[in-house]
Every structure is written in structure tokens, then in C-alpha cells.
Amino acid sequence: MELNSNQIQEILPHRYPMQLVDKIIDFEPGVWAEGIKCVTVNEPFFQGHFPEAHVMPGVLIIEALAQTGAVAILSEEAYKGKIAFFGGIKNARFRQQVRPGDVLTLRCEITERKGPVGFGKAVAKVGDKVAAQAEISFVIGS
């Protein structure tokens, strides 16, 4: 099941410049989601990171992964209209720079849930190469 950017905004509260998922290409509510982020030179963060050698900040790649995971969890009927807040980030690794023109494939699998707290395994790729990966945790709030 695909979601376009407007449909993503029906699930997530993020708006420009913080909506970092352009499209969800498939997902299973409460279980996993896969999305894409088309990185362009017009991203506002490239004004300062770095003007002479554009590189997408690693923290924003992790945020894009978290938003992908948030689509998975918040698309579940019990959590519609809620917000998923970061609880933590573990074992984050950045393996490849992401630059304008790259298409990031974002995948987050929900691995464990205890009430409003959950954990996910997230991987961002450019083509078949891993750009970043992390274990993330979240708390569902209102």
C-alpha cells in the first residue's frame, strides 16, 4: 500500500522543513514501513551543511527513518491522531554520505512494544548500499 506526501501528513504532524519522507512505498500498520526521500540541492540544511560540499546531516537521516517508523505505528487504528516521540537511539552507524540527487530508501521494522513505548530497527540505503542504520525507541503521546 502506497502513501503520497499528503497522505503521510494525515498520519504525521511534520511539515516543511521537517517532513523528511516523500512517499511510503509499502507498509503494514503496527509492523513495518518502507519509504523514500528524494534528496535535492534545494534542501534548507544544505545552506549550512556544507555550502562547499553538500552532505545530508546524519541526524536528519535518522529522523527520516524515525518518521518512516512513525508511519508504521501511527497508521494502526489505536494510535491514529497521536504523536510518536523519540525515546532513544542506539548503535547508530553512518556508512555512506548522502548527497543531492540521491534517493534514500528508508525502512523501519517495529521489533518490540510495551504499551505506549516501542522499539524499531531502521536502515537507510542509497541503491543497495547502507547509508545509515540504528535502533530507535519511541513513546506514543497525544
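Keep in mind that what you see is a predicted model, and the values were worked out from it rather than measured.
- In the hydrophobic clustering of this structure, L20 groups with F86; members are Ile, Leu, Val, Met, Phe, Trp, Tyr whose side-chain heavy atoms approach within less than 4.5 Å, directly or through other members.
- Clustering ILVMFWY residues whenever any of their side-chain heavy atoms sit less than 4.5 angstrom apart, transitively, puts L3 in a cluster other than the one holding V103.
- Across all their heavy atoms, L65 and A124 have their closest contact at CD2-N, 3.8 Å.
- With sequence neighbours excluded, no residue forms a side chain to side chain donor-acceptor pair (under 3.5 Å) with Q47.
- Connection of I61 to F46 is established within a shared hydrophobic cluster, with ILVMFWY side chains joined at heavy-atom distances below 4.5 Å, either directly or through further cluster members.
- Hydrophobic clustering (side-chain heavy atoms under 4.5 Å, transitive across Ile, Leu, Val, Met, Phe, Trp, Tyr) groups V39 together with I62.
- E43 and K37 are joined by a salt bridge, as a carboxylate oxygen and a charged side-chain nitrogen come within less than 4.0 angstrom of each other.
- Minimum heavy-atom separation, Y79 to P116: OH-CA, 4.5 Å.
- The distance from the CD atom of Q133 to the CZ atom of F94 is 10.0 Å, given to the nearest 0.5 Å.
- A salt bridge between K121 and E135 is absent, with no side-chain N of the basic residue lying under 4.0 Å from a carboxylate O of the acidic one.
- Q97 is not listed as a side-chain neighbour of M56, based on a closest heavy-atom distance of 4.5 Å or more.
- Side-chain N or O atoms of T111 include one that pairs as donor or acceptor with a backbone N or O of F119 at under 3.5 Å.
- H49 contributes a side-chain N or O that, together with a main-chain N or O of V55, makes up a donor-acceptor pair within less than 3.5 Å.
- Of the inter-residue distances, the one linking K125 atom NZ with L106 atom CG reads 12.0 Å to the nearest 0.5 angstrom.
- A salt bridge does not link E34 with K23: none of the charged nitrogens is closer than 4.0 Å to a carboxylate oxygen.
- Put simply, V59 and V123 are part of two different groups of oily side chains (I, L, V, M, F, W, Y) that touch within less than 4.5 Å, one to the next.
- Checking each of I11, I8, I36 against I24 for a side-chain contact (heavy atoms from CB on, under 4.5 Å) leaves exactly one that passes, namely I8.
- Residue D26 comes nearest to M1 through the heavy atom pair OD1-N, 2.7 Å, listed as atom of the first residue, atom of the second, then distance.
- For the pair A70 and L12, the tightest heavy-atom approach, listed with the atom from each and the gap, is CB-CD2, 3.5 Å.
- Going from atom CD of E2 over to atom CD1 of I25 covers 7.5 Å, rounded to the nearest 0.5 Å.
- Checked by atom type and distance alone, the side chain of T68 never pairs as donor or acceptor with a backbone atom of R107 at under 3.5 Å.
- Between L104 and A131, the shortest heavy-atom distance links the atoms CD2-CB, 4.2 Å.
- Annotation: side chain of C38 is in contact with side chain of D22 (closest heavy-atom distance under 4.5 Å).
- Residue K80 comes nearest to S75 through the heavy atom pair CE-O, 3.5 Å, listed as atom of the first residue, atom of the second, then distance.
- Looking only at atom types and distance, the side chain of Q67 has no donor-acceptor partner in the side chain of Q19 under 3.5 Å away.
- Applying the side-chain contact (heavy atoms from CB on, under 4.5 Å) test between F138 and each of V117, I110, I83 identifies I110 as the sole match.
- In this structure a side-chain-to-backbone donor-acceptor pair under 3.5 Å is missing from R113 to G118.
- Summarising the geometry, atom CD belonging to Q96 is positioned 7.0 Å from atom CG belonging to D102; distances are rounded to the nearest 0.5 Å.
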